[in-house]
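So the structure is just underneath, and the comments pick up after that.
Treat the numbers as computed from the prediction; the structure is a model and nothing was measured. Excluded from the calculations below are hydrogen atoms, water molecules and symmetry mates; all remaining heavy atoms, backbone and side chain alike, are included. Just so we're on the same page: letters track the sequence lines, and every chain starts at 1.
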Amino acid sequence: MSTVLEVNDLSISFGGLRAVDGFNIKISDGQLYGLIGPNGAGKTTVFNLLTGVYKPDEGKIFLEGENITGKSTIEINKAGIARTFQNIRLFKNLSVLDNVKVGLHNRFTYSAVSGILRLPSYRKTEKAMDEEALSLLSVFDLDKESSLLASNLPYGKQRKLEIARALATDPKLLLLDEPAAGMNPNETKELMDTITLIRDKFKKTILLIEHDMKLVSGICEELTVLNFGSVLSQGKTSDVLNDPEVIKAYLGDD
Amino acid sequence: MNRFKNNKKFRDNIITYLLVIVIFAVVESLKATGHISSLMKGLLVPVCIYIICAIALNLCVGILGELSLGHAGFMCVGAFSGAFFSKCTAEVITVAPVRFILAIIIGALVASLFGFLIGIPVLRLKGDYLAIVTLAFGEIIKNVINVLYVGKDSEGFHFSLKDMVSLHLKEGGQVIINGAQGITGTPNDSSFEAGFVLIILTLFIVLNLIDSRDGRAIMSIRDNTIASESVGINVTRYKLMAFTISAGIAGVAGVLYAHNLNSLMAQPKNFGYNMSITILLFVVLGGIGNIRGSIISAAVLTLLPELLRGLADYRMLIYAIVLIILMIFNWSPAILELRKKYSVRNFIKNKKTKEVE
């Protein structure tokens with residue numbers, strides 16, 4: 001299996017705080033990888049470093065062998081990393097369909113002039129975009145709500161729409177930041193199926209942050225545990241979850 | 001489902017076009033039968049100017065989501081460059097419509113160029129700061145034009161920022177922009193018909209832009225900049241694009257304004273910040289992001305002070321009260337709730353469901 005993401009000694013400090021310290025990870029093609037850790041461990045900071053929101057002080061990030069360290073968010077997305085956010089960030093005043101179509105922006109192009117003058121390339125591309133977006137939405141069972149405003153969707157569906165939008169950019173690696181946050185057990189179960197489906201059907205590699213241990217142990221093949229910015233444990237899910245160090249970090253001493 | 005959604009957007013746009021066309025037809029027929037007072041006739045072109053300006057600013061404030069208070073400045077740039085062109089070519093191009101069309105293109109291009117250049121540094125700012133800087137830009141443009149002297153003689157153009165004498169014009173030379181006196185003797189090429197055509201053109205550009213790939217990108221930036229970067233939208237590029245187009249359209253309104261008057265001067269009352277605020281007022285009261293609303297509110301609020309002329313001293317008082325009431329009617333959450341409950345659309349829907357039962 002080829003390596004999709006390789007991160008070496010990634011570090012960043014905010015003032016005196018070393019938020020991420022010597023972070024390493026290696027994810028192979030088609031893997032479902034989990035990133036866990038107590039609150040404030042630096043998980044979301046790692047995501048922000050991977051997607052170019054922050055520039056690392058030290059360390060290198062390779063996506064399929066290509067060095068993407070220090071590139072802008074836009075370039076990194078074009079290189080093939082897409083993400084969702086811990087606090088949902090949808091385009092609230094756009095329709096569900098348009099949210100996904102914004103995700104398709106760089107894959108289906110026509111010039112602004114042909115858009116304004118409604119030239120044939122506009123009609124052709126828009127039609128293809130509609131079809132692609134609807135087929136993506138149907139995977140998440142959102143195709144019936146395609147004309148609703150994104151802000152009118154119930155919470156669980158907003159999370160799904162965010163994943164659909166990220167998938168629309170056709171990434172090699174999908175980063176999910178707490179996809180099950182705020183979901184009830186039923187919704188979480190459904191989400192687990194969806195995530196496995198994304199991996200199997202779309203052949204995507206997925207890295208996810210999650211607090212819900214049921215979800216993590218249910219679908220993740222490998223785990224990395226972060227604590228105070230550095231890697232505490234890494235490896236197969238069952239091994240990591242039984243690691244005494246990990247249990248100590250979560251539950252405290254004794 | 002999708003087709004239905006597209007139809008709804010399409011239907012909305014058609015209603016907007018039809019609204020403009022019907023009003024135009026009604027006014028034209030009233031004009032032909034002599035039912036319009038000369039006062040109202042004089043207001044027809046200004047109404048068109050304000051409508052175009054309101055659409056331009058709505059593109060910036062409602063669609064892009066950036067508050068600009070400098071649109072009077074872009075209008076000013078468009079007005080002076082268009083009038084300058086018309087004055088210079090008045091003897092060369094004798095066919096008025098051709099000259100006017102060229103003047104509009106030039107006004108739009110120069111105003112967009114200014115929009116583009118101003119946009120590069122300014123669009124890095126957000127919210128209030130953007131508003132303050134664009135406000136300053138509008139004032140600067142107005143003041144620069146007030147001290148600008150341009151003349152033409154057999155040797156070509158002469159520029160000065162001091163006075164008319166330092167242009168050193170040869171005999172037979174002509175002063176085109178005369179400082180605070182501005183440009184006089186611009187050919188009167190504007191008409192209500194021209195204004196109507198320009199409104200339709202503006203609508204065509206703006207509505208089609210909104211409902212395209214680029215428009216979606218622009219609106220995604222408004223809704224959530226971080227998310228739109230995360231899906232690979234080039235935020236700077238699309239902000240600049242919307243701002244430039246918006247400035248260009250404001251420039252067109254300026255050209256229309258310049259060719260409606262005999263003498264064009266950059267004064268606080270026409271290109272000052274009061275003007276920018278007035279245009280913003282149209283946009284806010286018509287509904288931010290609602291193009292049709294902008295058209296209606298620009299037309300009504302331009303005509304209203306004149307219609308209230310009979311009330312003499314109470315005129316501006318009533319105008320202000322109308323503004324406050326409109327603001328509450330359009331933006332108060334409680335009223336919005338009520339409007340939703342008793343809306344016509346809801347009424348029809350309820351009736352239908354009852355029939356089905």
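Heavy atoms of A/Leu90 lying under 4.5 Å from chain B belong exclusively to its backbone. Heavy-atom distances place the backbone of B/Val235, and not its side chain, under 4.5 Å from chain A. In this structure, chain A has no heavy atom under 4.5 Å from any part of B/Ile221.
Going from atom CD of B/Glu229 over to atom CD1 of A/Ile76 covers 11.0 Å, rounded to the nearest 0.5 Å. A distance of 8.5 Å separates CD1 of B/Ile205 from CG of A/Leu117, quoted to the nearest 0.5 Å. Atom CG of residue A/Asn99 and atom OG of residue B/Ser228 lie 11.0 Å apart, to the nearest 0.5 angstrom. Expressed to the nearest 0.5 Å, how far OG of B/Ser230 lies from CG of A/Asn48 amounts to 10.5 Å.
Between A/Lys78 and B/Gly232, the shortest heavy-atom contact is CE-O, 4.2 Å. Looking at every heavy atom in both residues, B/Ser212 comes nearest to A/Gly115 through CB-CA, 4.3 Å. Between B/Asn234 and A/Ile74, the shortest heavy-atom contact is CA-CD1, 3.8 Å. Taking each heavy atom of A/His105 and B/Tyr238 in turn, the nearest pair found is NE2-OH, 2.9 Å. The two residues B/Asp223 and A/Lys92 make their nearest non-hydrogen contact at OD2-N, 3.3 Å.
Environment of CZ in A/Phe202: crowded, with over 12 heavy atoms of neighbouring residues, nucleotides or ligands closer than 6.0 Å. Summarising the local packing, CZ of A/Arg118 is surrounded by more than 12 heavy atoms from other residues, nucleotides or ligands at distances under 6.0 Å. By the 6.0 Å contact criterion, CZ on B/Phe114 is open, its count of non-hydrogen atoms from other residues, nucleotides or ligands being 12 or less. Remark: A/Asp141 CG is loosely packed, at most 12 non-hydrogen atoms of other residues, nucleotides or ligands lying under 6.0 Å away. By the 6.0 Å contact criterion, NZ on A/Lys124 is open, its count of non-hydrogen atoms from other residues, nucleotides or ligands being 12 or less. Within a 6.0 Å sphere centred on CZ of B/Phe116, heavy atoms belonging to other residues, nucleotides or ligands number 12 at most. Summarising the local packing, CG of A/Asn87 is surrounded by more than 12 heavy atoms from other residues, nucleotides or ligands at distances under 6.0 Å. Other residues, nucleotides and ligands place more than 12 heavy atoms under 6.0 Å from the CG atom of A/Leu119.
By the 4.5 Å heavy-atom criterion applied to side chains, B/Asn208 and A/Tyr122 are not counted as neighbours. By the 4.5 Å heavy-atom criterion applied to side chains, B/Arg213 and A/Phe108 are not counted as neighbours.
Per-residue heavy-atom pair counts under 4.5 Å with chain B were compared for A/Thr51, A/Thr109, A/Thr84, and the maximum is reached by A/Thr109. If you tally non-hydrogen atom pairs under 4.5 Å between each of A/Asn93, A/Ile81, A/Thr169 and chain B, the highest count goes to A/Asn93.
Exactly one residue among A/Thr73, A/Val100, A/Val102 makes a side-chain contact (heavy atoms from CB on, under 4.5 Å) with B/Val231. That residue is A/Val102.
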Step-by-step side chain to side chain contact (heavy atoms under 4.5 Å, CB included) determination, A/Asp98 to B/Met219 = CA-CA 10 Å; A/Asp98 281 351; B/Met219 289 186 286; 5.7 Å; no
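Between A/Glu126 and B/Arg216, at least one side-chain nitrogen of the basic residue sits less than 4.0 Å from a carboxylate oxygen of the acidic one, meeting the salt-bridge criterion.
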